[in-house]
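What follows is one structure encoded as structure tokens, with my remarks underneath.
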Amino acid sequence: GQQVQQSPTSLVLQEGENAELQCNFSTSLNSMQWFYQRPGGSLISVFYNPSGTKQSGRLTSTTVIKERRSSLHISSSQITDSGTYLCAMEHPTGYQNFYFGKGTSLTVIP
Amino acid sequence: EAGVTQSPRYAVLQEGQAVSFWCDPISGHDTLYWYQQPRDQGPQLLVYFRDEAVIDNSQLPSDRFSAVRPKGTNSTLKIQSAKQGDTATYLCASSFRTINERLFFGHGTKLSVL
């Protein structure tokens, strides 16, 4: 079964609005990462966040390992934020073995 | 610092043909991963290596897929007899052994099997 569930599947925002992306894990995990992918582009690591809250510019990631969940908050969205956001968990039985969700497709419109 | 390099960028095959994908990880990264990403889905792990050793290849279709990393640096993923269901982007990623290390991905090879 799917070990990593992401929601929503897709999201459309007007420029300037905020977004909250969720990631839930069906098993225990060692750590997790958030990635960003443009259509046809490579995956770029946005956050490595095993626990707690991390911020980078307009992006904030909060991970609660015990509750098996993580969120990515995007504030004051910009058109260039459009793309797919994926989360991945490090499986506890495999050293640095990462499993991915299906992603949230974000479209920011003017 | 150079990133993860993959080649070719695109491949188009007829069913039954063979194809090889090549990956050059970031220098010094001891862990290398191959992922398969079907259209509009998340990447799915096929195999990963620590140096030259296979750590997990349980998701690799062993009858047609093979992967090697003979010197613990570059890696090759080969599909012996491609099927239409193999159509996907094949991604290579690398990382270093220490805890809290990010995955770095290449641009991928987009494979279409007709």
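Predicted model only: the values in this text are computed from it and were never measured. Values below: every heavy atom of this structure, side chains too, minus hydrogens, waters and symmetry copies. First the proteins, then the strands, lettered A, B, ... as listed; each starts at 1.
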Name each donor-acceptor pair under 3.5 Å that joins a side chain in residues 57-66 of chain B to protein atoms two or more places apart or in another chain, with its distance.
from: B/Ser58; atom 1: OG; to: B/Asp56; atom 2: OD1; distance (Å): 2.7
from: B/Arg64; atom 1: NH1; to: B/Ser81; atom 2: O; distance (Å): 2.9
from: B/Arg64; atom 1: NH1; to: B/Asp86; atom 2: OD2; distance (Å): 2.7
from: B/Arg64; atom 1: NH2; to: B/Asp86; atom 2: OD1; distance (Å): 3.0
from: B/Arg64; atom 1: NH2; to: B/Asp86; atom 2: OD2; distance (Å): 3.4

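Contact residues of residues 105-114 of chain B toward chain A are B/Phe105, B/Gly106, B/His107 (heavy-atom distance under 4.5 Å).
Heavy atoms closer than 4.5 Å to chain A are found nowhere in B/Gln44, neither backbone nor side chain. For A/Gln6, no part lies under 4.5 angstrom from a heavy atom of chain B.
Minimum heavy-atom separation, B/Gln37 to A/Leu43: OE1-CD1, 4.1 Å.
In this structure, the separation between OG on A/Ser31 and CZ on B/Arg102 is 12.0 Å, given to the nearest 0.5 Å.
A/Ser45 is not listed as a side-chain neighbour of B/Leu103, based on a closest heavy-atom distance of 4.5 Å or more. Using a 4.5 Å heavy-atom cutoff, the side chains of A/Ser105 and B/Asp40 are not in contact.
Hydrophobic clustering keeps B/Val4 apart from B/Tyr90 (ILVMFWY residues linked when any side-chain heavy atoms are closer than 4.5 Å, directly or through intermediates). Criterion: ILVMFWY side-chain heavy atoms under 4.5 Å apart, direct or through other members. Under it, A/Leu11 and A/Tyr85 are part of a common hydrophobic cluster. B/Phe21 and B/Tyr33 are members of different hydrophobic clusters when ILVMFWY side chains are connected at heavy-atom separations under 4.5 Å. B/Leu32 and A/Tyr99 end up in different hydrophobic clusters when Ile, Leu, Val, Met, Phe, Trp and Tyr side chains are linked at under 4.5 Å. In this structure, A/Leu13 is a member of the same hydrophobic cluster as A/Leu72, with clusters built from ILVMFWY side-chain heavy atoms closer than 4.5 Å.
Checked against a 6.0 Å centroid threshold, the rings of B/Tyr35 and A/Phe98 do not count as neighbours.
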